[in-house]
Structure formats: structure tokens, C-alpha cells
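Fair warning: this is a prediction, and the values are worked out from it, not measured in the lab.
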Amino acid sequence: MIGDGGSVEKALASVLDNGSRLQAPAVAKYVEWVRRSHPDESPAQIVERMEKMFLLAVTGSGSAVGAAAAIPGVGTVASIAAVGAESTFFLEAAALLTLAVASVHGVDAADHQQRRALVLSVALGESGMEIVQKATGVTAKNWATAITNRVPGSTMIGMNNTLVRKFITRYAARRSALILGKLVPAGIGAAIGGAGNRAIGRGLVDNAREAFGPAPAHWPDQLPALES
């Protein structure tokens, strides 16, 4: 897994592991629920709908943490405590979106290491793509599919270690500036938190589109609509 790179790496790996384990069994049900709610929509429309739901959720969580700083006397303390939980929520929401989009594309990441690699590489975007291509030796336009091909276990673990370290550097830098902004009182932190989370979330959505490419034109099966 992760080497002796420090407690930060171990903590991040733990969040990713817990998110993947808890969400993986629910991904298919989540996609099915969205499809049943909108039975006439194409795969591309369902992906777009899930993207909007993700952005709405992470924007709201960022604003809520920022808004806590406006509470007289305890606002900043409350915000500092909430930032950790909100960051975990953001990572788990990102994991769910990534795995849900993969499911729509028919990318089956049944292995836990594969799921971790998908989430990390999509979050990193171009730099994640470069790490995956270097580790697997596969150069493909829709590079996320290379992760679910036959990759030796040692190669996958080594690739994930590299992805985690890269992610910590990238994510920590962006979140540190955002966290400081969220702690600004008088309601300003709420605006910074919401806008900042949406910007980072928008980047992840764009990365996923590049990683998986256009959605399939048709569903392989047709689900009945949910009863109203």
C-alpha cells in the first residue's frame, strides 16, 4: 500500500479506501436510480445530470463550512473543525461521481486497487493520465480504460503510491488556500467556500470527460421508470 511517506499520505489513503469500499456496491444502484427517475434520457444526459448533482452537493458543503465562520464567538473554531469533515465529503463525492461515470461507460473496476487508481487519476487529470500511461505502457485516448486491463498487482500498487503522492501535493496546495478563505467571517467565507469547491469540482468533471470520452450512444438495457 503506502510506504513510510508520512501520516498525511496514510490519512488520505484511508479516506479513499473507505470511500471506495462503501460506495462501490452502491454505484450501480445510484446509476440505476438516476436512470429510473429519468427513463427517457440517454447515457450522455444521465452523466450530465450526475455531474450537476455532484457540483451542487460540493458547492453547498463548501458554503456551509464558510458560513459557520460568521457565527459570533465560535465561528472560526467551528469552521476549522468542519473543514476536515467537509474535505472527506468532497473526496467521497468525487469518488462516487468517478465510479458512476465509469459504470455508465461500461468500465468495470471491480478490484479495489483499480477503483483507487480511477479516482486518483481522474482527480489529477493530465498528470494522472501521464502516471497511468507510464506505469501501464498503454497510450490511449480514453486512458481510464487502461486501469481496468490486466495490470500486474505490483505495478498497480506502485502506480497508486505515485498517484497518492502526486494528489497530496496538488490537492493540499489548492485546498490550503481555499480553507483559509473559508475561515473569513462576515459571510465572505461562505462565498469563497462555495465558489472554490465548485471550481475544483468543475475541474474534476472536465477530467472525467477527458478520461472516459463521450458516453455511449445507447443503454445496453432499458430500465422501467420509477413509480411516482
If I take atom [atom1] from residue [X] and atom [atom2] from residue [Y], how far apart are they, to the nearest 0.5 angstrom?
{"X": "Met129", "Y": "Glu210", "atom1": "CE", "atom2": "CD", "result": "6.0 Å"}
{"X": "Leu55", "Y": "Met50", "atom1": "CG", "atom2": "CE", "result": "12.5 Å"}
{"X": "Ile131", "Y": "Leu120", "atom1": "CD1", "atom2": "CG", "result": "9.0 Å"}
{"X": "Leu163", "Y": "Ser121", "atom1": "CG", "atom2": "OG", "result": "6.0 Å"}

Could you give all pairs that pass the salt bridge (Lys or Arg N to Asp or Glu O under 4.0 Å) test and reach residues 124-139, with sequence neighbours left out?
->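 Sorted pair list comes back empty.
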
Polar side-chain atom of Thr98 near backbone of Ala94 as donor-acceptor pair, under 3.5 Å =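 Present.
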
Side chains of [X] and [Y]: closer than 4.5 Å at any heavy-atom pair?
{"X": "Trp219", "Y": "Ile46", "value": "yes"}
{"X": "Phe54", "Y": "Arg202", "value": "no"}
{"X": "Arg115", "Y": "Val119", "value": "no"}

Contact summary for [X] and [Y], nearest pair of heavy atoms:
{"X": "Val132", "Y": "Ala146", "value": "CG1-CB, 4.3 Å"}
{"X": "Val34", "Y": "Arg49", "value": "CG1-CD, 4.0 Å"}
{"X": "Ser127", "Y": "Lys166", "value": "CB-CE, 3.9 Å"}
{"X": "Val107", "Y": "Leu118", "value": "CG1-CD1, 4.4 Å"}
{"X": "Ala144", "Y": "Phe212", "value": "CB-CE2, 3.6 Å"}
{"X": "Ala123", "Y": "Asn207", "value": "O-ND2, 3.3 Å"}

State whether Arg209 and Glu51 are salt-bridged, where the test is any N-O pair (Lys NZ or Arg NE/NH1/NH2 against Asp/Glu carboxylate O) under 4.0 Å.
->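 Counted as a salt bridge, because a side-chain N and a carboxylate O are separated by less than 4.0 Å.
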
Tell me, with the steps shown, if Asn160 and Met156 meet side-chain contact (heavy atoms from CB on, under 4.5 Å).
-> CA-CA 6 Å; Asn160 274 335; Met156 181 67 72; 4.1 Å; yes

